[in-house]
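One structure is given below, encoded as structure tokens.
In what follows, every chain begins at residue 1, and chains take the letters A, B, ... in the order their sequences are listed. These numbers come from the heavy atoms of this one structure, side chains and all, not from hydrogens, waters or symmetry mates.
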There are 2 protein chains.
Amino acid sequence: MVPRRKNKVTPPPNTCPLRECLGIIGGAWTPGIIWYLGHSPRTFSELKGDLKGVSAKVLSTRLKKLAVDGVVLRTVKPTSPPTVEYSLTDLGCELKPAIEAIVAVGHRLKDRRAGRVE
Amino acid sequence: MVPRRKNKVTPPPNTCPLRECLGIIGGAWTPGIIWYLGHSPRTFSELKGDLKGVSAKVLSTRLKKLAVDGVVLRTVKPTSPPTVEYSLTDLGCELKPAIEAIVAVGHRLKDRRAGRVE
DNA sequence: CCGTATCCCCGCTGATACTG
DNA sequence: CAGTATCAGCGGGGATACGG
């Protein structure tokens, strides 16, 4: 089986910390996760209920990655049945201002777009 | 040829302005474009030279989208041969603080990661 | 010089079903 | 409840070739 083309998957152009951060908040649901976790710790199911429409796989994947990156903390509570609680770490809280800045510009963008179409 | 599965391509979960903005700065090269344009207006070739490795297609696509969104301004200068100059609009300048916020957190992320592996 | 068109690959995400 | 496994689809992005 010979690959017909090299197309070397393209070298990643990102050497800056920006990509590092976008890899975290760039996920489709990650901002929502940070947002809800920023209010109070939540369990897996609660999160899944808040983020209506998210699949368990994606939520699980995101949560795992965020935990590895030190953004969220995973705490297993010894209840019956065992519940798992997720919360924001200090580092995770630092993400909030960045997200808010993005949201703020997002509003500007929507306003501009709304003004143009009208 | 009957499609064996619908898999309705999944409804977009994004109704928030956050996605709106991420659609702009989320591009692989967009932050760099904003960054360089924030220093001074640049031509297509200059931009392509600054962002080493970017393909013309992607740069063109991004620039076009950014122009539509009102983030960059495309100015054709009646020289010979005609040169095209790109610059940041007011709205584009508002993107800079958001990007800086992201970069700031990105540094924290890298530090944390470096500390963990060590 | 300034792009656009075509082809291709990969990663993210969703749907569903299954395990502890 | 809290996930994991498998299958599949879309879109972003790179390479190259071509048009204005």
Original post:
Whole-Å distance between D:dT4 P and A:K48 NZ?
Top reply: 14 Å
**OP:** Report the C-alpha distance between B:V54 and B:I33 in whole Å, list the side-chain angles of each, state the deciding distance to 0.1 Å, and finish with yes or no for side-chain contact (heavy atoms from CB on, under 4.5 Å).
**Re:** CA-CA 11 Å; B:V54 70; B:I33 295 174; over 6 Å; no
Original post:
Whole Å only: how far is the CG atom of B:L59 from the C1' atom of C:dA5?
Top reply: 16 Å
**OP:** Rounded to the nearest angstrom, tell me the gap between atom CG in A:L51 and atom C1' in C:dT13.
**Re:** 14 Å
Output one line per pair: protein atom, nucleotide atom from nucleotides 1-3 of chain C, and distance, for all N/O pairs under 3.5 Å.
| from | atom 1 | to | atom 2 | distance (Å) |
| --- | --- | --- | --- | --- |
| C:dC2 | OP2 | B:S45 | N | 3.4 |
| C:dC2 | OP2 | B:S45 | OG | 2.3 |
| C:dG3 | OP1 | B:R74 | NE | 3.3 |
| C:dG3 | OP1 | B:R74 | NH2 | 2.5 |
| C:dG3 | OP1 | B:Y86 | OH | 3.3 |
| C:dG3 | OP2 | B:Y86 | OH | 2.7 |

Subject >> Residues which pass side-chain hydrogen bond (donor to acceptor under 3.5 Å, both in side chains) with B:T61, listed by chain and number, not counting sequence neighbours >> reply: none
Original post:
Which residue pairs satisfy the salt bridge (charged side-chain N to carboxylate O under 4.0 Å, His left out) criterion with at least one member in residues 78-102 of chain A, sequence neighbours excluded?
Top reply: A:K77-A:E85, A:E94-B:R108
Original post:
Can you tell me how far C1' of D:dC7 sits from NZ of A:K57, to the nearest Å?
Top reply: 9 Å
Original post:
Under 3.5 Å, side chain of A:T89 to main-chain N/O of A:V71, donor-acceptor pair present?
Top reply: yes
Subject >> Atom of A:G70, atom of A:L91 and distance for their closest heavy-atom approach >> reply: O-CB, 3.5 Å
**OP:** Start with the C-alpha distance between A:Y86 and A:R74, add both sets of side-chain angles, then the distance that settles side-chain contact (heavy atoms from CB on, under 4.5 Å), and finish with yes or no.
**Re:** CA-CA 5 Å; A:Y86 292 92; A:R74 185 178 184 273; 3.4 Å; yes
Original post:
Hey, does the side chain of A:R62 come within less than 4.0 Å of C:dC12's phosphate (OP1/OP2), counting only N and O?
Top reply: no
Original post:
Rounding to a whole Å, what distance do you find between A:I33:CD1 and D:dG3:P?
Top reply: 12 Å
Original post:
Atom NZ of A:K77 to atom C1' of D:dA2: distance rounded to whole Å?
Top reply: 16 Å
**OP:** Specify the separation, in whole Å, of atom CZ of A:R19 and atom C1' of D:dG13.
**Re:** 11 Å
